[in-house]
Every structure is written in structure tokens, then in C-alpha cells.
Novice: 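Below: one structure in C-alpha cells.
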Amino acid sequence: MKTYNTKTEIDIPYEFSVCSSPHFEYREPYFFTSFDPKFRVFNKTNYLELEWGIWGHNLNKVLKGKDLPKSIYAKVGNKRLENQYCFTSDSLFKYVNESVKNIYDSDHALSKYMILPNDNSIVCTCSTCKAVGNSSKDAAPAVFTFLNKLAKNYKNLSFFTTAYITIKDIPRFKAANNVGVFYSTIDFQKGVPLENTKFFNTFEEDIKNWRKYLDYVYIWDYAVNYDNYFDIYPSLKVTQQNLKLYKKLGIKGVFIHGSEYEYSTFQDLKSTILAKLLWDTNIDIDEEINSYFNSKFSKKLANSLSNYYSFIDNSFFLNKNELSIYSGIGKSVKKYLDPKVFFSFYNEFDLHTQINKYDKDYLRIATALTFLKLEIMRDSGIGTYGFATLNNNKEIIVKNEAALLLDKLNAYSKSANLTTYNERNYQIDDYINSWRKTIYKYHKRKHYFYKKPFEVLSKLDEDYTDITVLNDAAFGLKDYNTNWHISSLDNLVLKIDKLQITKSKQITFSFLQDSKHHIFYPSSIEILDTDFKLIKKHNLIPDNTILNTKEVTIILPTEFDDEQLTKKFIIKINKNKIDGKNALACDEIIFN
């Protein structure tokens, strides 16, 4: 006769006994780490390439190769502008509607579609766009009209836009049930929890209003410094606080914009912990940091990395200074990157290089940390943490360490297959070459004007009131936000005491041209007396370079010249006369 186990309780192992549901239904940390299918399965994250038929500002790609009538473009005044669209255009809708059908028919997994105006502030104000509610600055009525038409045709698909630039106010008409919005936090990303910023009330009100209008409100967030992917930007605890806020406000999905297909420092760690935070906003960040590094590296190296990363993540979180997602190294230093602590950590990390010289993860981190050390040295100029010292003869003496670090950066980046370091694809090789050229010129160059007092007579831009960058021996490269003094309101006019530079025979200026940011070389440099009578003038040859730096040297008057320097004299650097926005970027002014 058979006997049966009559036990009425089943013992379930603890690891299988806890059920949970994610805090957000859409969860995507957008680093190339998370593009790996194994990562996504294990961390339960989304991947836009497999779900979105149209993503981002990509209507241009959808319309490529079509015979497009002028009516699809935005009308401003009497002109059609081909760098923006008219979202009440029947032709535009026809082409996009057909594309949605073709994309979805090719792959039924592509069930989400993002419809965005091009990335500029142009808004169509043709008669039909104005009729649906467009103003000269707000395209939301026309865009949501467009989305509603698509949503009606494809009720099984989802259509999104972003609350960004020209999508400002919520339309007065109802949105379809399958329409949603991504709310971009780009204007609020300052490295401080949103609840602790002046933007909080605006943000909270905006989200509450969008939540009343739509069922699907997602956040488009950011997790790196786009001007420097090698800046660690350790914002995990700040992001945790923000995610808790998003959950409380009823946000259903979060896309965290990382460095996309390029490497950014500690991106594997960030991807892993951000994925966990998107599932559960209450995890212990320090424990996760420690667990991650111990799963990747030897115990001694893991402890070093864990201790340092937890330290800077806490420093970043507790420090009230702002650090935007477009920042120079100086602001990172003030926020979290204490040079004394970082240099000590770098030396400790460097001890593990020999044993990890074939480990790609280690080499990527080594590339980034070496780049950061060079950036701190470049920003510090002369002194303990700088790239050089100043001897008794007022000569700049470049430290041997600078050359050694440049060699290391070259070797590490080649071994790690890394070539770029920011959103604009600036090349590491170019960075290294620019450094070498600069320190070659600087070594043993006299600098009689180093940190000497002077006056600025011209108007200063609000964000560029620190005039010490003009004679601190810290040099600028092609990134405008490190060591450059920007003047957009006025020409740069300085008043200098001749006694400060009596041994000088010439003046050497450094300038930047970055046409994308409307920064141009000056048109001329004048030396004047205090009555603004001309002593000497140097005209610069017009230059159409898109991005570069230039040194300009002017020989000071000698006893043989008709015009002599007065006891106090004026240097006037004249901005280039270019229509529209334009600025002047001056770095070091060296009397030598």
C-alpha cells in the first residue's frame, strides 16, 4: 500500500521567498554596459533599440529620401525654415504615419514611437499651427495634435514626445490614452537633489500638471558630465534621492542618459547600481558599491576602489555646490574631487597596474583616472597639484611627472581601445599632443606677470567674474570651460602697472576659437595709454577655423620707438565683429 506525505506546509528557500515589483515600469540606464543582453536579463532593464521604432530627434532619418514639399517645414513670418517641422502639415503626417506602419510591420516589438521637434527653439506659426494653439515659443499644441492622430490610427502602440525646449505648456485639448511625455531634467541637473534646489517647486508643479493630463509621464534624466566623460561625476546618492521623488510624484518610467556608445568613468558600476535603483529606490548604495568592486577585482584593489568611490559619492551628495552636466574640471574639484585625496588614491590604484595590465576594465579606469589627474594639474597651474613650478628667475619649470602621465595616458588608452573623451568626440590623441605642445612652449618661459595685480575696465559676464585665470599659469586647451576667460558683453580691457612687468620684452596671449559655441579669435589687440591714446596695435588675420587655439605675441615698445609705455597702460582686446552671438575667450597673458 502506498503512503503519502501529508505535510501541509512547503519550505521555500529565503532567496525565493521575497516577491517584489519594480518602482518604475520603464527602466533604462543608457550606457553601453546595459546594451549587453545578459546585463538586461539579469537587471531587468529596457533597451531603446529593441522597443522604440523612432527615438529622439530622428524625424530627419524617417523622412530621408522622400520627395518633401515645402509645407512640411516650420513657417516663421513668411519663411519656411528647413531645420524645423510644421506639425499640422498633412504631408508630414502622411510620411510619418507610413513610416510607423512600415517599422511596426517589420518588427512587432517596436511598439513605442517618439516624435520630437528638431533640437532648436524654432516654432511653426503658420495659420493651422496657430489655430490649434501654437505661440511663437510653444509648439506643444501642434505636436500633441500630431501625436493624437497617430495614436488614433495605432491604438496598440505608444507615442511620446518630450517636455523640452519648445514643448512648454500643456495643451487645452485632451491627449489620447496611448500618448505620453518624457520630462527632461536637463535644466535642473546641478548635482544636487532636486528637492534641495530652487527648481523644486517648478518641477513638482510641472509633473503634477503633466500627470493630470497624461497617464504616461516618464523622466529623461542624466548621469555624466558630457564635456568630460572621464569626470567621475559620482551622483548615485543624488540620483537615489531624485528617484524617490519621482516615484512619490507618480512617474512611471525613467530613462537615465549616460555616455551612450562611448566609455565614461566607472560606467559599469553606474549601470549596475542605477539598474538596481530603478527597481528599488531604497537599496544601500555603499553596500552595492562594495559588492560590485569585490565581484570584479582582487580584494585589495576592490577595497581601494570601494573606499574611494563611496567617499566621493558621499562628498558629491553632501556638498551643496552645483555641478552641471556640462562643466570644467575646476567645478568638479570644488564639488567632490579633492586633489590631495585623489592624488593619494591614484598612487594606490597605480600599484595594481602591472598585475592588471591585460584587464580591459582596469585599463579603461586607468585611462580615465590618468586623464583626470592631468586635468587637475592643468587647472592648478603652478604649485603642489599643478603641472609646473616657478623658479627664482620667474621661469615656468614643467614637472617631469606631466610627461610621464601623458605617456601613461597614451599607453592606457591604446590598450583599452579608447579614443574620445566627451560628447563632441574630442580625441585623446589630440589632447595629448596639445598638452605636449603647450608644456614644450611653457618650459623655461619667463612669466613676470604671474599673479600680479591688474584692473579690468570692461564689463564682465556673470559667469566669468574670476579674472585670475588671465595670469595664473594654468593653460586652456580646446574645451572652453577650463581656464578660459569668456567675454561676450564687451571687449576685454585691462589696466596694468608698468612696474609689475619692467623686465618684459613682449606679451604673449592665448585665444580660443570654438564656432559651435560662438567663440571667436579677436579682431585686434591694442596697447593704449590711460587716456586711450594708441601706443601700438596688432591686427589678427581673419581665420575660419572651427575649433582651435592660437598664441599671439606683441613686442613691447623699446627706447627706440616713438611711442613708449606709460606708467600705467591699457591692453584692449577687441572682439571679432560677427553678426549675432559672439564671444572672446582669452587664457593666459604672459609678459616675458
Side-chain angles (χ1 to χ4, degrees), residues 12-56 103-104 106-114 156-158 160 180 182 216 218-224 229 235-236 239-240 242-244 246-247 251-297 302 305-306 309 359-365 416-417:
I12 299 174
Y14 175 77
E15 56 266 33
F16 298 114
S17 66
V18 179
C19 295
S20 67
S21 56
H23 288 179
F24 302 98
E25 66 178 40
Y26 188 90
R27 305 173 301 282
E28 183 166 10
Y30 199 58
F31 296 87
F32 75 67
T33 305
S34 62
F35 300 171
D36 183 353
K38 291 179 182 177
F39 177 96
R40 296 199 304 274
V41 169
F42 187 81
N43 292 285
K44 305 179 187 69
T45 53
N46 298 84
Y47 182 41
L48 68 87
E49 304 286 355
L50 298 179
E51 299 180 44
W52 292 82
I54 302 174
W55 174 266
I103 292 167
Y104 182 66
S106 71
D107 185 349
H108 279 28
L110 300 173
S111 61
K112 301 180 181 72
Y113 295 80
M114 190 178 289
N156 59 326
L157 305 181
S158 300
F160 284 76
F182 274 89
Y216 297 99
Y218 291 1
I219 289 287
W220 189 313
D221 228 333
Y222 304 85
V224 295
Y229 284 156
S235 58
L236 291 173
T239 301
Q240 182 177 42
N242 287 340
L243 290 174
K244 287 179 178 179
Y246 303 159
K247 180 177 179 290
I251 297 298
K252 290 190 174 180
V254 182
F255 173 81
I256 300 180
H257 200 148
S259 50
E260 302 184 3
Y261 290 87
E262 302 301 324
Y263 176 77
S264 57
T265 314
F266 294 116
Q267 66 166 30
D268 295 350
L269 166 77
K270 287 186 178 182
S271 299
T272 301
I273 296 181
L274 289 172
K276 292 183 177 184
L277 278 171
L278 289 167
W279 187 276
D280 178 3
T281 59
N282 298 310
I283 63 171
D284 187 311
I285 298 291
D286 290 323
E287 280 186 12
E288 295 295 341
I289 290 169
N290 186 60
S291 174
Y292 173 83
F293 284 124
N294 275 284
S295 71
K296 293 287 184 181
F297 300 107
L305 288 166
S306 297
Y309 202 98
D359 184 329
K360 278 286 195 293
D361 289 339
Y362 180 92
L363 291 167
R364 282 195 282 259
I365 296 170
N417 295 322

Novice: So Phe32 and Tyr263, do their side chains get closer than 4.5 Å, heavy atoms only?
Specialist: yes
Novice: Taking all non-hydrogen atoms of both residues into account, name the closest pair between Ala416 and Lys360 and its distance.
Specialist: CA-CD, 4.0 Å
Novice: Taking C-beta and beyond as the side chain, do Asn156 and Ser111 meet within less than 4.5 Å on heavy atoms?
Specialist: no
Novice: Quick check: does any side chain N or O of Asn290 sit under 3.5 Å from a backbone N or O of Asp286, one acting as donor and the other as acceptor?
Specialist: no
Novice: Is there a donor-acceptor contact under 3.5 Å from the side chain of Asp359 to the main chain of Asp361?
Specialist: yes
Novice: Starting from the C-alpha separation in whole Å, work towards a yes-or-no answer on ring-ring contact (aromatic ring centres under 6.0 Å, His included) for Phe160 and Tyr218.
Specialist: CA-CA 9 Å; Phe160 284 76; Tyr218 291 1; 4.9 Å; yes
Novice: Do you know which two heavy atoms are closest between Gly53 and Tyr113, and how far apart they sit?
Specialist: CA-CE2, 3.4 Å
Novice: If you apply the rule side chain to side chain contact (heavy atoms under 4.5 Å, CB included), what do you find for Val224 with Phe31, and how did you get there?
Specialist: CA-CA 10 Å; Val224 295; Phe31 296 87; 3.7 Å; yes
Novice: For the residue pair His108 and Tyr104, categorise the inter-ring angle as parallel (less than 30°), tilted (30 to 60°) or perpendicular (more than 60°).
Specialist: parallel
Novice: Without swapping roles, check the side chain of Ser264 against the backbone of Gln267 for a donor-acceptor pair under 3.5 Å.
Specialist: no
Novice: Do Ile365 and Phe297 touch side chain to side chain, with heavy atoms closer than 4.5 Å?
Specialist: yes
Novice: Taking Lys44's backbone N and O only, do any of them form a donor-acceptor pair with Arg27's side chain (distance below 3.5 Å, no angle check)?
Specialist: yes
Novice: Centre-to-centre under 6.0 Å for Tyr309 and Phe266, is that the case here?
Specialist: yes
Novice: Is Lys270 reaching over with its side chain to a backbone N or O of Ala223, donor-acceptor style, under 3.5 angstrom?
Specialist: yes
Novice: Compare every heavy atom of Ile54 with every heavy atom of Ile103, then report the nearest pair and how far apart it is.
Specialist: CD1-CG1, 4.1 Å
Novice: Please name the residue in the list Gln240, Lys244, Lys247, His23 that meets the side chain to side chain donor-acceptor pair (under 3.5 Å) test with Thr281.
Specialist: His23
Novice: Within the distance-only criterion (no hydrogens, no angle test), does the side chain of Ser271 pair as donor or acceptor with the backbone N or O of Asp268 below 3.5 angstrom?
Specialist: no
Novice: Counting only heavy atoms not in Tyr362, do more than 12 fall under 6.0 Å of its OH?
Specialist: yes
Novice: Without swapping roles, check the side chain of Glu28 against the backbone of Leu48 for a donor-acceptor pair under 3.5 Å.
Specialist: yes
Novice: Taking the side chain as everything from C-beta on, heavy atoms only, tell me whether Thr45 gets closer than 4.5 Å to Pro29.
Specialist: yes
Novice: Mind checking whether Tyr30 and His257 have parallel, tilted or perpendicular rings, split at 30° and 60°?
Specialist: perpendicular
Novice: Of the non-hydrogen atoms in Phe39 and Thr272, which two are nearest, and what is the gap between them?
Specialist: CE1-OG1, 3.8 Å
Novice: Where do Tyr47 and Phe35 land on the ring-ring contact (aromatic ring centres under 6.0 Å, His included) test, with the steps shown first?
Specialist: CA-CA 7 Å; Tyr47 182 41; Phe35 300 171; 5.2 Å; yes
Novice: Side chains of Ile219 and Phe255, heavy atoms from C-beta outward: is any pair under 4.5 Å?
Specialist: no
Novice: Could you measure the distance from the CG atom of Asp284 to the CD1 atom of Ile289? Nearest 0.5 Å is fine.
Specialist: 9.0 Å
Novice: Answer yes or no: is there a side-chain heavy-atom contact under 4.5 Å between Tyr246 and Asp221?
Specialist: yes
Novice: Any side-chain heavy atom of Leu277 within less than 4.5 Å of one from Glu288?
Specialist: no
Novice: Under the side chain to side chain contact (heavy atoms under 4.5 Å, CB included) criterion, do Leu305 and Leu269 qualify, and how do the steps go?
Specialist: CA-CA 11 Å; Leu305 288 166; Leu269 166 77; over 6 Å; no
Novice: Would you please indicate if the ring centroids of Trp55 and Phe182 are separated by under 6.0 Å?
Specialist: yes
Novice: Report yes if some heavy atom in the side chain of Asn46 is under 4.5 Å from a heavy atom in the side chain of Glu51; otherwise report no.
Specialist: yes
